[in-house]
Participant: 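Got a structure here, written out as structure tokens. Questions coming.
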Amino acid sequence: MKPITPQRHSTTVGGSTAARVIACPASVRLCQKMPPMPTTDYAREGSLLHAAIAAVIEENLEPNAMIGFEHDGMVLDQDLYDRKLLPAVEAFDDLLDKLEEEMNATATIMVEQEVDFGDFLPDAFGSCDVLIRCGDRMIVLDWKFGDGIAVSAEDNKQLMFYACAASRTNATMHMFEEARDVELVIIQPAQGEPSRWLTTFPELGRFEVALKAAVKESHHTNAPMQQGKHCKWCAAQPVCPLMNGALER
């Protein structure tokens, strides 16, 4: 069994950094100056769970077959299986049942697809956890295995990034053909029911324009800089003038 996991990350903008880049274009150049951030046990646990659930869906395995699965030095034990993997699989199965009932159609699924913007926005790419086509609706789904704050699918820039990139990627664009709308979904076992949000292609088009403009601004030495909730996971915090108070001084 060969797990499907992302192998590379964009140094300009990816799904997890899209909201930050739009809010603070200057962060791109600052982050590029920073050394790679060390991998934490929490991140490795998340990678383990992503790889395990991708294998379950892609290879149609029984979830309990993944107990003992090893990835990046982490092992899926019974406790992690009970708390996170099994609830995620059950939530996914329930979602598929609801979608097929709502849309009166059979779902088509793709997992762990690397997607990009092509010539529209070079070096903007990322790995989409799950793509589902059901009837005339396109669904973009992301797993969140953290125990902290609940992540909402509403206006979620990460999922909007994946939706837009997938619609431009040769291997996945066929999933969007003649789709009427796009639904963004986050399954986070620690937070209970999946978060679902329906959006439109015009709304995604406006997101694309904003993202492209932010990346273009990031190339300037005086690119806009702004503090906000996007700073929490920014690698450039140690050298950011706003975070360090240099601009005020």
Side-chain angles (χ1 to χ4, degrees), residues 1-9 14-17 19-20 36-100 107 109-115 126-132 139-154 156-159 161-162 183-197 229-235 237:
M1 178 175 55
K2 183 179 180 180
I4 306 165
T5 53
Q7 300 298 316
R8 62 193 186 113
H9 301 277
S16 62
T17 59
R20 167 175 59 76
M37 296 184 71
T39 301
T40 66
D41 285 345
Y42 294 110
R44 290 165 61 220
E45 179 181 285
S47 295
L48 168 72
L49 289 163
H50 275 81
I53 202 164
V56 168
I57 297 171
E58 180 73 6
E59 302 180 35
N60 195 28
L61 301 175
E62 289 295 327
N64 60 12
M66 302 308 296
I67 297 175
F69 173 67
E70 295 184 33
H71 179 76
D72 194 22
M74 300 287 284
V75 178
L76 183 67
D77 59 16
Q78 186 70 50
D79 176 65
L80 197 55
Y81 169 82
D82 291 338
R83 289 189 298 109
K84 296 191 177 181
L85 183 66
L86 183 58
V89 173
E90 291 176 340
F92 181 73
D93 289 342
D94 288 344
L95 176 70
L96 284 185
D97 289 342
K98 289 178 182 177
L99 284 170
E100 292 184 339
I109 304 168
M110 298 181 75
V111 301
E112 288 293 352
Q113 297 293 311
E114 183 173 281
V115 295
S127 181
C128 183
D129 290 346
V130 184
L131 295 172
I132 305 170
I139 299 94
V140 180
L141 184 150
D142 196 64
W143 310 108
K144 299 295 183 189
F145 288 107
D147 295 321
I149 298 173
V151 182
S152 172
E154 184 173 352
N156 187 289
K157 300 297 189 293
Q158 181 175 14
L159 290 180
F161 178 99
Y162 294 146
E183 183 172 0
L184 310 182
V185 179
I186 288 178
I187 292 181
Q188 187 175 7
Q191 301 299 333
E193 288 295 312
S195 175
R196 302 174 61 181
W197 187 62
K229 61 182 181 180
H230 54 272
C231 298
K232 183 174 182 179
W233 304 111
C234 182
Q237 288 188 50

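Keep in mind that what you see is a predicted model, and the values were worked out from it rather than measured. Computation of the quantities below employed the complete heavy-atom set of this structure, encompassing side-chain atoms and omitting hydrogens, waters and symmetry-equivalent molecules.
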Participant: Do you know the tightest heavy-atom contact between Asp41 and Met74?
Facilitator: O-CE, 3.9 Å

Participant: Going from CG on Leu48 to CG on Leu76, what distance comes out if it is rounded to the nearest 0.5 angstrom?
Facilitator: 5.5 Å

Participant: How many angstroms lie between CG in Leu184 and NZ in Lys157, if you round to the nearest 0.5 Å?
Facilitator: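 The NZ atom of Lys157 is 10.5 Å from CG of Leu184, to the nearest 0.5 Å.
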
Participant: Find the distance between CG (Leu85) and NE2 (His50) and round it off to the nearest 0.5 Å.
Facilitator: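 One gets 11.5 Å once the value is rounded to the nearest 0.5 Å.
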
Participant: Can you find a heavy atom in the side chain of Val185 that is under 4.5 Å from one in the side chain of Ile132?
Facilitator: no

Participant: Is it the case that the side chain of Glu112 and the backbone of Ala54 share a donor-acceptor pair, with hydrogens and angles ignored and the cut-off at 3.5 Å?
Facilitator: no

Participant: Looking only at atom types and distance, does a side-chain atom of Gln191 sit under 3.5 Å from a main-chain N or O of Ile149, one as donor and one as acceptor?
Facilitator: no

Participant: As an exercise, state the distance from CG of Leu141 to CD1 of Ile187, rounded to the nearest 0.5 Å.
Facilitator: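 Here the interatomic distance stands at 4.5 Å.
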
Participant: How long is the straight-line distance from CZ of Phe161 back to CG of Asp142, given to the nearest 0.5 Å?
Facilitator: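 Taking CG in Asp142 and CZ in Phe161, the distance rounds to 12.5 Å.
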
Participant: Please step through side chain to side chain contact (heavy atoms under 4.5 Å, CB included) for the pair Val130 and Trp143, ending with a clear verdict.
Facilitator: CA-CA 9 Å; Val130 184; Trp143 310 108; 3.8 Å; yes

Participant: Show every salt bridge (charged side-chain N to carboxylate O under 4.0 Å, His left out) that has at least one partner inside residues 187-197, sequence neighbours left out.
Facilitator: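 Listed once each, the pairs are Lys98-Glu193, Glu102-Arg196, Glu183-Arg196.
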
Participant: Glu90 side chain to Ala88 main-chain N or O, any donor-acceptor pair under 3.5 Å?
Facilitator: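 Side chain of Glu90 to backbone of Ala88: no pair is present.
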
Participant: Would you name the heavy atoms of Ser152 and Ile186 that are closest together and state the gap between them?
Facilitator: O-CD1, 3.6 Å

Participant: Can any side-chain N or O of Gln78 pair as donor or acceptor with the backbone N or O of Ile67 at less than 3.5 Å?
Facilitator: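 Looks like no, no N/O pair under 3.5 Å.
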
Participant: Does the side chain of Phe92 reach to within under 4.5 Å of the side chain of Ile57, using non-hydrogen atoms?
Facilitator: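 Yes; the side chains approach each other to less than 4.5 Å.
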
Participant: I'd like to check the salt bridge (charged side-chain N to carboxylate O under 4.0 Å, His left out) partners of Asp82; sequence neighbours left out, ordered by chain and number.
Facilitator: none

Participant: Looking at NE2 of His71 and CE of Met66, how far apart are the two atoms once the value is rounded to the nearest 0.5 Å?
Facilitator: 10.5 Å

Participant: Report yes if the side chains of Glu45 and Leu49 come closer than 4.5 Å at any heavy-atom pair, otherwise no.
Facilitator: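 Yes, close enough: below the 4.5 Å cut-off.
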
Participant: Using the test side chain to side chain donor-acceptor pair (under 3.5 Å), find all partners of Gln158 that sit at least two apart in sequence or belong to another chain.
Facilitator: Lys144, Tyr162

Participant: Can you check whether Ala43's main-chain N or O pairs, donor with acceptor, with Thr40's side chain at less than 3.5 Å?
Facilitator: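 Side chain of Thr40 to backbone of Ala43, a donor-acceptor pair under 3.5 Å: yes, one is there.
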
